[in-house]
Enquirer: 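Encoded as structure tokens, here's the structure I'll be asking about.
Residue numbers run from 1 in the order of the sequence given.
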Amino acid sequence: PEGAKGYKCVPGTMADGSLCDDGNACTVGSACKQGKCSGQGKDRFFAHVYDKTPLPNTVFNNVAANAKGELALVGGGWKVENGVKTGFQWWIIRTDAAGMVSWQKVHGLAGSHYQTEARAASLTDSGDLWVGGGTWSQDNDLNMGLVKFDAKGKVSWSTQVGEKGPNEVVHAMVIDP
């Protein structure tokens, strides 16, 4: 049977290793093997949201796309130690147009925060990614955070804005290059 893109494996006409569609929208790069689609493609949109410290509790908040079809997914995560939530950080995942992970990272903001989440994202066609959100400090003030990542995931600009009392957070943004 033909896959979503019209690829099919036919014994004798498709060489082993030829690309095929295994019918699973969650994989890319499956190849023919002895006339059948192997189903051995790589997982699409698969990412572990952690670095050296696992963040087993994660919240997805936003997705951004550019004209090339690349995506950025953002949210927040934390772990629990001795019954207390700790280690709050933003998480960011960038994919290429095929949905394969280009880079991913967790990003902690400066200062002492007991909760932080990336809430908004804007992805330019050049691959720059702007991420905004909020951080709740130990004295219950909510401060806005804004970070710019280059196409390779390196932080090129970052700031936090806020004062004691009022709450500030980025919920949505559009960057016009």
Side-chain angles (χ1 to χ4, degrees), residues 4-5 19 21-22 24-31 38-81 84-137 142-161 169-177:
K5 297 192 186 267
L19 291 179
D21 184 342
D22 64 5
N24 182 348
C26 295
T27 61
V28 293
S30 293
S38 67
Q40 299 295 316
K42 294 181 179 179
D43 289 332
R44 180 189 309 239
F45 300 118
F46 179 77
H48 292 284
V49 186
Y50 64 83
D51 61 354
K52 296 175 186 169
T53 306
L55 298 174
N57 303 291
T58 59
V59 177
F60 167 76
N61 286 324
N62 206 315
V63 63
N66 62 18
K68 297 177 185 178
E70 300 166 334
L71 299 176
L73 300 93
V74 300
W78 64 92
K79 59 185 177 175
V80 177
E81 291 180 351
V84 177
K85 291 181 181 178
T86 184
F88 286 91
Q89 295 190 39
W90 292 8
W91 57 260
I92 301 104
I93 301 170
R94 279 276 283 112
T95 73
D96 62 18
M100 300 301 294
V101 174
S102 302
W103 58 264
Q104 63 184 0
K105 61 177 56 196
V106 294
H107 182 76
L109 298 178
S112 176
H113 304 283
Y114 76 90
Q115 186 173 352
T116 180
E117 290 180 15
R119 298 208 170 227
S122 185
L123 182 59
T124 67
D125 291 345
S126 66
D128 289 339
L129 172 63
W130 291 81
V131 179
T135 65
W136 287 262
S137 64
L142 178 63
N143 295 318
M144 176 186 80
L146 186 62
V147 181
K148 179 183 177 188
F149 296 92
D150 68 16
K152 301 229 183 251
K154 181 180 175 190
V155 174
S156 56
W157 185 84
S158 178
T159 192
Q160 290 183 73
V161 178
V169 67
V170 177
H171 286 286
M173 74 172 93
V174 174
I175 303 297
D176 184 7

Enquirer: Any idea which heavy atoms bring Leu73 and Trp91 closest together, and the distance?
Expert: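 Nearest pair, atom of Leu73 first, then Trp91: O-CZ3, 3.6 Å.
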Enquirer: Could you give the distance from NZ (Lys105) to NZ (Lys154), rounded to the nearest 0.5 Å?
Expert: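 Atom-to-atom, Lys105:NZ and Lys154:NZ are 10.0 Å apart.
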Enquirer: Taking all heavy atoms of Leu123 and all of Ala72, pick out the closest pair and write down the distance.
Expert: CD2-N, 4.1 Å
Enquirer: Under the side-chain contact (heavy atoms from CB on, under 4.5 Å) rule, collect the residues that match up with Val155, sequence neighbours excluded.
Expert: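 For Val155, the residues satisfying side-chain contact (heavy atoms from CB on, under 4.5 Å) (neighbours in sequence not counted) are His107, Val147, Phe149, Ser158.
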Enquirer: Asp128: what forms a side chain to side chain donor-acceptor pair (under 3.5 Å) with it, not counting sequence neighbours?
Expert: none
Enquirer: Please, which pairs that meet side chain to side chain donor-acceptor pair (under 3.5 Å) have at least one residue in residues 61-77, sequence neighbours excluded?
Expert: Asn61-Glu117, Asn66-Glu70
Enquirer: Give the minimum heavy-atom separation between Leu129 and Trp103, together with the two atoms involved.
Expert: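 Scanning both residues completely, I find the closest heavy atoms to be CD2-CH2, 4.0 Å.
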Enquirer: Look at the side chain of Thr159 and the backbone N and O of Leu146, then say whether any donor-acceptor pair between them is shorter than 3.5 Å.
Expert: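 Answer holds: no.
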Enquirer: Please report the shortest heavy-atom distance between Ala121 and Ala64, naming the atom on each side.
Expert: O-CB, 3.5 Å
